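Below you'll find the structure, written out as structure tokens, and then a few comments.
Values reported hereafter were calculated over all heavy atoms of this structure, with side chains retained and with hydrogens, waters and symmetry mates removed. Computed from a predicted structure; not experimentally measured.
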Amino acid sequence: MAEAPRGAIRWPSPAVGGDEGTGHVALRAVRSALEAVYVRRLARKLEGRPRPRHVAVMLDGNRRWARGAGHDDVREGYRVGGAKVGDFLRWCDASDIEHVTLWMLSDDNLSAPPAELGPLLEIIEETVASICAADEDWQIEVIGALDLLPGETARTLKDAVARTTGRSGLKVDVAVGYGGRREVVDAVKSAFDKHIAGGGDPRELAENFDLQHITDNLYSPAGHDTDFIIRTSGEQRLSGFLLWQSAYAEVHFVEVLWPAFRQIDLLRALRSYADRDRRYGR
């Protein structure tokens, strides 16, 4: 048998015989108690160590989780994954993260058949409404090509995040209809639109155009480069996520499917980040 990962808990096996239902309930209770102890221990070990300001997460593996859990309707994976978002943000709060970006839907996904896309957009609307209505001080924005979304979805998302205006807590960007290449193109267009609207000569801007013009016109007004990207489900690619902001980001790929992601998984990822020597291209 392969050796358990560093710090992993070796869970007790269910007893053979007896009341199987009761045994499983007892096992879950033991696991929960042990996990809580491990979370506290790992959190203490991270105190005073380097941690990222801006964590970005690719919420991947919802459909695989649903199939593995025996659900005929893979949308159940997205529902459970959506319910996980609020917990994840609280874990980030507890870990003193300042800014979180959640990639919920790519611009490529918008070409999915209506029968598949419609229910997914409804789940995203419900998830965003839930985290905006939570009794938290989170300041939430929706980023992406919102003009490509169905009008009702775009309005619903904008109305939900408007309720968080003026809050000063954790900054949360929810990426919907988002593509990294599209964001850069839109940033260039926005820079020229603003310059021309102010009476400027586009040829002058073209001659003096630099990196800051793009940075200043990205979807998120926060302006923080991404320090740490986490992708769940074992896939090892970024798929254009935060293409501009992630130039010097550290990346962490984890096998866990998003609906099964736990606070332990976040803390292990943060431990991986703390162990790295960031060189910023040097």
Can you list every pair that meets salt bridge (Lys or Arg N to Asp or Glu O under 4.0 Å) and has a residue in [range], with sequence neighbours left out?
range: residues 183-203; answer: Asp201-Arg203
range: residues 228-244; answer: Asp60-Arg231, Arg64-Glu235, Glu235-Arg237
range: residues 152-162; answer: Glu152-Arg155

Ring pair (Phe, Tyr, Trp, His ring centres under 6.0 Å) partners for [X], two or more places apart:
X: Phe253; result: none
X: Trp65; result: His71
X: Phe241; result: Trp103

Non-neighbouring partners of Arg279 that pass side chain to side chain donor-acceptor pair (under 3.5 Å), sequence neighbours left out:
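Arg279 satisfies side chain to side chain donor-acceptor pair (under 3.5 Å) with Asp277 only.
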What residues, two or more places apart in sequence or in another chain, satisfy side chain to side chain donor-acceptor pair (under 3.5 Å) together with Glu250?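 Expected list: Arg276.
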For this session: Any ring-ring contact (aromatic ring centres under 6.0 Å, His included) involving residues 106-165? Give me the pairs, sequence neighbours left out, ordered by first then second residue.
Result: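 As it turns out, there is no ring-ring contact (aromatic ring centres under 6.0 Å, His included) pair with a partner in residues 106-165 once direct neighbours are skipped.
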Find out whether Val57 and Phe261 are in side-chain contact, i.e. whether some heavy atom of one side chain is under 4.5 Å from a heavy atom of the other.
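Of all side-chain heavy-atom pairs linking Phe261 with Val57, none is under 4.5 Å.
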Determine the minimum heavy-atom distance between Arg51 and Leu46, stating which atoms define it.
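Smallest heavy-atom distance, with atoms named: NH2-O, 3.0 Å.
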Strictly below 4.0 Å, N to O, side chains only: are Asp275 and Arg49 in salt-bridge contact?
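Salt bridge present between Asp275 and Arg49.
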task = Look at Arg278 together with Asp227 and state whether they make a salt bridge at an N to O cut-off of under 4.0 Å.
result =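 Yes, charged N to carboxylate O under 4.0 Å.
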- Could you walk me through whether Asn62 and Val74 pass side chain to side chain contact (heavy atoms under 4.5 Å, CB included), step by step? CA-CA 8 Å; Asn62 297 287; Val74 296; over 6 Å; no
Which pairs would a plain distance check flag for residues 112-136, meaning a side-chain donor or acceptor within less than 3.5 Å of a matching protein atom at least two apart in sequence or in another chain?
{"from": "Glu125", "atom 1": "OE2", "to": "Thr153", "atom 2": "OG1", "distance (Å)": "2.8"}
{"from": "Thr127", "atom 1": "OG1", "to": "Ile123", "atom 2": "O", "distance (Å)": "2.8"}
{"from": "Glu136", "atom 1": "OE2", "to": "Arg90", "atom 2": "NE", "distance (Å)": "3.1"}

### Query
Which ILVMFWY residues can you reach from Leu205 by hopping between side chains whose heavy atoms are under 4.5 Å apart?
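Traced through the cluster, Leu205 reaches Val184, Val188, Phe192, Phe209, Leu211, Ile214, Leu218, Trp244.
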Q. Which hydrophobic side chains are connected to Tyr248, either touching it within the sub-4.5 Å cutoff or through other members that do?
A.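 Members other than Tyr248 - counting any ILVMFWY side chain reachable under 4.5 Å - are Tyr280.
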